[in-house]
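Position 1 is the first residue of the sequence; numbering continues from there.
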Amino acid sequence: MTVGEMAPVRRRSGRARLIQKAAPAVFLAPAIILLAVFLLYPLVYSFRLSLLDWNGLGNTAQSIGLDNWLRLLDDSVFWHSAWNNILLAVFSVVIQLPIAAALAVILDEASKGSRLLKIFYFLPLLMSSVALGVLFKNIFDPNFGPINSILSEMGLYNWTQDWLGDPNFALGSVIAVVCWQNIPFYMVLFLAALSSFPREVSEAARLDGASGGTIFWKLKLPHLQGTVRTAVLLAVIGSMRYFDLIYVMTGGGPENASEVMATYMYRMVFNSFELGYGSTVASAMFIIIMVIAVVSLRISKRFETEV
């Protein structure tokens, strides 16, 4: 082949390499544009609004610099709501994940009726959070709710409480409902991971005399490490941004006892019409969630290497 004949071949190969390199960017472009429009831009705009004193109506916005952030640092209600979010995250990990893992192992081992049980256990996740909030608000009702009625029928009158109206019990009651609703999600997550665990390994371990507990701790749990890390991250992030069920059940009350950052942000924006300060709360939520997510990921990675 002469030099003149090789030139078009080089051009075609160079064009093919360029197309090959550009193809990922072309396919990713729609997703990147959507993320930029619906995630990145609102995030940046929220930080911009945090520098304003504005009620969200008309052209009355005034730039006040970092005054909203300085106010946030001295806002005891915000820090109390952030602490409630942390408690919700801790209990979500401590309660939801072990129960979900136990249910997943039981259903994975079960043969008869396991499909029906999977459907039954998955039902709470199919219900709307708003509907669940209304349902459990009635269940926890101090006068007509079934919980106090059952306790009274059992003669445990001292155990009856105003579950959602007492600051000592409101947050705990909400956390119990949140955990009950979300356990099925993590159960399905663990079930999916267990489905890839080789059955012959369990059978061989049983032939060698290993008990069910030994098989779980020594074989199945290491297999679930990546799933556990993902579940911890999802539980923590989900707990830090929880809103709907808590808002319906308690509205953040009583006396801010069950207030979380999302409900506090909502009150600042839509009840107090402080859009600038509400945006400051939202921006602080983003920063706190990012920090806690990174810390949780690193801690779970360390646990994974030690198992």
Hey, any chance [X] and [Y] share a hydrophobic cluster, counting ILVMFWY side chains that come within less than 4.5 Å of each other, even indirectly?
{"X": "Leu125", "Y": "Leu189", "result": "yes"}
{"X": "Phe286", "Y": "Leu35", "result": "no"}
{"X": "Leu88", "Y": "Val94", "result": "yes"}
{"X": "Val77", "Y": "Leu87", "result": "yes"}
{"X": "Leu57", "Y": "Leu52", "result": "no"}

Hey, are the side chains of [X] and [Y] touching, using non-hydrogen atoms and a 4.5 Å cut-off?
{"X": "Tyr247", "Y": "Val130", "answer": "no"}
{"X": "Val232", "Y": "Tyr186", "answer": "no"}
{"X": "Val248", "Y": "Val134", "answer": "yes"}
{"X": "Leu245", "Y": "Tyr242", "answer": "yes"}
{"X": "Arg267", "Y": "Ser272", "answer": "no"}
{"X": "Leu275", "Y": "Asn55", "answer": "no"}
{"X": "Leu191", "Y": "Leu107", "answer": "yes"}
{"X": "Pro184", "Y": "Leu123", "answer": "no"}

Do side-chain atoms of [X] reach the backbone of [Y] as a donor and acceptor pair under 3.5 angstrom?
{"X": "Trp79", "Y": "Leu72", "answer": "yes"}
{"X": "Thr280", "Y": "Gly276", "answer": "yes"}
{"X": "Asn68", "Y": "Leu51", "answer": "no"}

Chi angles and distances behind the side-chain contact (heavy atoms from CB on, under 4.5 Å) call for Leu132, Trp180 = CA-CA 10 Å; Leu132 277 179; Trp180 178 81; 3.5 Å; yes
Heavy-atom count check: over 12 atoms from other residues, nucleotides or ligands less than 6.0 Å from [X] [atom1]?
{"X": "Asn158", "atom1": "CG", "answer": "no"}
{"X": "Leu66", "atom1": "CG", "answer": "no"}
{"X": "Met127", "atom1": "CE", "answer": "yes"}
{"X": "Phe91", "atom1": "CZ", "answer": "no"}

CA sep, side-chain torsions, deciding dist, call: Leu171, Ile175, side-chain contact (heavy atoms from CB on, under 4.5 Å) | CA-CA 6 Å; Leu171 183 62; Ile175 289 175; 3.9 Å; yes
Distance, nearest 0.5 Å, that separates [atom1] of [X] from [atom2] of [Y]:
{"X": "Ser283", "Y": "Leu43", "atom1": "OG", "atom2": "CG", "answer": "7.0 Å"}
{"X": "Ile292", "Y": "Met240", "atom1": "CD1", "atom2": "CE", "answer": "3.5 Å"}
{"X": "Leu135", "Y": "Ser128", "atom1": "CG", "atom2": "OG", "answer": "11.0 Å"}
{"X": "Leu234", "Y": "Thr230", "atom1": "CG", "atom2": "OG1", "answer": "6.5 Å"}
{"X": "Phe144", "Y": "Asn138", "atom1": "CZ", "atom2": "CG", "answer": "10.5 Å"}
{"X": "Gln161", "Y": "Phe169", "atom1": "CD", "atom2": "CZ", "answer": "3.5 Å"}

Go through the side-chain N and O atoms of Tyr266 and Asn271 and say whether any donor and acceptor fall under 3.5 Å apart.
-> no
Could you tell me whether the side chains of Tyr264 and Asn256 share a donor-acceptor contact shorter than 3.5 Å?
-> no
Minimum heavy-atom separation for [X] to [Y], with atom names?
{"X": "Ala257", "Y": "Asn84", "value": "O-ND2, 3.1 Å"}
{"X": "Val178", "Y": "Gln96", "value": "O-NE2, 4.0 Å"}
{"X": "Ala193", "Y": "Thr227", "value": "CB-OG1, 3.2 Å"}
{"X": "Asp244", "Y": "Ser129", "value": "OD2-CB, 3.3 Å"}
{"X": "Val93", "Y": "Ala235", "value": "CG2-CB, 4.1 Å"}
{"X": "Met261", "Y": "Met285", "value": "CB-CG, 3.4 Å"}

Check the pair Asn148 / Phe140 against side-chain contact (heavy atoms from CB on, under 4.5 Å), numbers first and verdict last.
-> CA-CA 8 Å; Asn148 280 354; Phe140 285 119; over 6 Å; no
Starting from the C-alpha separation in whole Å, work towards a yes-or-no answer on side-chain contact (heavy atoms from CB on, under 4.5 Å) for Trp69 and Leu73.
-> CA-CA 6 Å; Trp69 288 94; Leu73 293 176; 5.8 Å; no
Glu274 and Arg71 ion-paired at < 4.0 Å = yes
Out of Ile147, Thr250, Val174, Asn168, which residue meets the side chain to side chain contact (heavy atoms under 4.5 Å, CB included) rule with Trp163?
-> Ile147
Show the numbers, then the answer: is there a side chain to side chain donor-acceptor pair (under 3.5 Å) between Ser46 and Ser279?
-> CA-CA 5 Å; Ser46 178; Ser279 299; 4.5 Å; no
With under 30° as parallel and over 60° as perpendicular, where do the rings of Tyr41 and Tyr45 fit, or are they tilted in between?
-> parallel
